[in-house]
Amino acid sequence: MLKGFLVGAVIGTVISVTGLLGTSYFLGQDTSGVVEQAQEAARPDPVVAPSPDPAPAAAPEPEPQPEPEPERVILPTITPDAPVAQAAMPPVSASAPMPEPEDLPSVVAYATPFSAPQSVPLFSILLYDDPEFPLTDSTLESLTVPVSIVIDPTRMDAEAQLARYRAAGIEAVIEARFADLAAFEAALDRLPQTVALLDSADGTLRGDISLQGQVLARMGETGHGLIAGAFGLGGLEQAATRDGVPAARLYRVLDDEGQSAPVMLRLLDRAAFEAQQTGSAIVLGRSYPETLAALLSWGAGQAAVNASYAVAPVSAILQQTLAR
């Protein structure tokens, strides 16, 4: 028994020594990696906050559209050698050639077509074609109110100018530049397709009673109308009416004293008012740049026909006297 106890004690001592040796072995080794691994393993897993749902992409904004530019109306400066580029006037460019029935008086046969209520006063504008300030086709097309062209029958290109105006649907008037009946007959031969005769500024007809009677008698045959000057007491107009010639009187000249465009604008307004008071009015202007600029500006603010008056070719005023 004692022997067995001793054997057990020896075995226990061996085991203890072996344990101490193992511990000493491990203590002699570098255990930092083990410690770090243990610490790392001991750390709790980091808490990762869930990422928020991505915000929906914003709808792309529509590209801004450019605003349309307002339509611009430009009134060009008129110069004798520069054509006017502007909106065309339908009555000038679109009018068909005027009829030429032989059984109608000239004031009707060669008139610019026009219609307006009979009760509306008429206002007419005569435009004298001055060779020094020629009227171009584009200038005529830019006018927004009807005009009647006055032609000097003594100019070299009178026939060509009349043909040009006729083709554009614009009526024409002969200026009284002759000293006797033969010269008047020659003017009619050169410019037969005209609606009326305008007494000259120096009073060709008014100052010669004998010539006046001869010319009025011939006009009664051709059916031309007469436009008397703005001077005198109306004797020429009265004589024409007695002879059955349709006649009217010039209210005033727009540019006889070198008036500026603003002054002519006031004269046009005053003449339109005169038409409303008396039933009709006629003004005369030359193809000066200032005059054309005034007509363009005034016409841009007018309606061809309105409740107060109508801007009409001069033949419309003369035709009214035929019905009286």
Side-chain angles (χ1 to χ4, degrees), residues 98 100 102 104-112 124 126-135 147-167 170-250 253 255-256 282 284-287 313-315 317-318 321-322:
M98 292 178 282
E100 303 175 10
E102 296 181 356
L104 292 176
S106 294
V107 73
V108 177
Y110 307 119
T112 299
S124 294
L126 299 177
L127 187 57
Y128 183 86
D129 184 3
D130 190 331
E132 295 184 8
F133 301 93
L135 288 168
V147 296
S148 303
I149 303 296
V150 180
I151 302 176
D152 179 356
T154 64
R155 60 184 291 179
M156 296 298 294
D157 61 346
E159 297 97 329
Q161 293 303 316
L162 175 61
R164 183 167 70 95
Y165 298 132
R166 289 277 301 157
I170 305 175
E171 68 185 27
V173 174
I174 302 174
E175 183 186 19
R177 285 190 174 274
F178 42 80
D180 52 38
L181 183 61
F184 175 56
E185 292 285 2
L188 287 178
D189 290 341
R190 295 191 70 190
L191 306 172
Q193 299 176 350
T194 47
V195 298
L197 178 69
L198 170 67
D199 196 15
S200 62
D202 55 3
T204 297
L205 296 180
R206 180 177 61 91
D208 190 333
I209 300 301
S210 175
L211 178 61
Q212 178 185 124
Q214 294 173 348
V215 170
L216 289 178
R218 186 70 178 96
M219 292 173 64
E221 297 172 0
T222 63
H224 282 77
L226 173 70
I227 306 168
F231 35 73
L233 301 176
L236 177 58
E237 181 183 356
Q238 295 170 10
T241 302
R242 287 195 302 268
D243 290 350
V245 175
R249 189 176 185 184
L250 192 66
V253 180
D255 48 14
D256 55 345
I282 304 171
L284 170 67
R286 302 176 77 90
S287 54
V314 73
S315 60
I317 293 179
L318 295 170
T321 65
L322 293 175

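Hydrogens, waters and symmetry mates are skipped; everything else that's a heavy atom, side chains included, is used.
- Counting only distance, with no hydrogens or angles, the side chain of T112 and the backbone of E171 share a donor-acceptor pair below 3.5 Å.
- The minimum heavy-atom distance between I149 and Y165, with the atom names listed, is CG2-CE1, 3.5 Å.
- Ion pair D255/R286 not flagged as a salt bridge, since none of the NZ, NE, NH1 or NH2 atoms sits closer than 4.0 Å to an Asp/Glu carboxylate oxygen.
- With rounding to the nearest 0.5 angstrom, the CZ atom of R166 is 4.5 Å from the CD atom of Q193.
- Separating the CG atom in D199 from the CD1 atom in I174 is a distance of 13.0 Å, to the nearest 0.5 Å.
- Once rounded to the nearest 0.5 Å, the distance linking CD of Q214 with CG of D180 reads 8.5 Å.
- Taken to the nearest 0.5 Å, the CG atom of L318 stands 8.0 Å off from the OG atom of S124.
- A donor-acceptor contact shorter than 3.5 Å links the side chain of T241 to the backbone of E237.
- You'll find the side chain of R190 stays beyond 4.5 Å of the side chain of L162, heavy atoms only.
- The shortest side-chain heavy-atom distance between I282 and L126 falls under the 4.5 Å cut-off.
- Taking both residues in full, the closest heavy atoms of L198 and V173 are given as N-CG1, 3.7 Å, listed atom of the first, atom of the second, then distance.
- Taken to the nearest 0.5 Å, the OG atom of S148 stands 8.5 Å off from the CD1 atom of I317.
- Inter-residue side-chain proximity for I151 and T194 is flagged as unmet; no heavy-atom pair is nearer than 4.5 Å.
- Annotation for V245 and M219: closest pair CG1-CE, 4.0 Å, computed over non-hydrogen atoms.
- The two residues A158 and L191 make their nearest non-hydrogen contact at O-CD2, 3.5 Å.
- Residues L226 and L205 form a side-chain contact, since some pair of their non-hydrogen atoms from C-beta on lies under 4.5 Å apart.
- Closest non-hydrogen pair, H224 versus A196, comes out as CD2-N, 3.8 Å.
- Residues D256 and L284 fail the side-chain proximity criterion, which asks for heavy atoms closer than 4.5 Å.
- At least one side-chain heavy atom of Y128 sits less than 4.5 Å from a side-chain heavy atom of D152.
- No donor-acceptor pair under 3.5 Å is formed between the side chain of R155 and the backbone N or O of Q161.
- For the atom pair OG (S287) and CG (D130), the distance works out to 5.0 Å, reported to the nearest 0.5 Å.
- Counting all heavy atoms, side chain and backbone alike, A187 lies closest to P153 at CB-CB, 3.7 Å.
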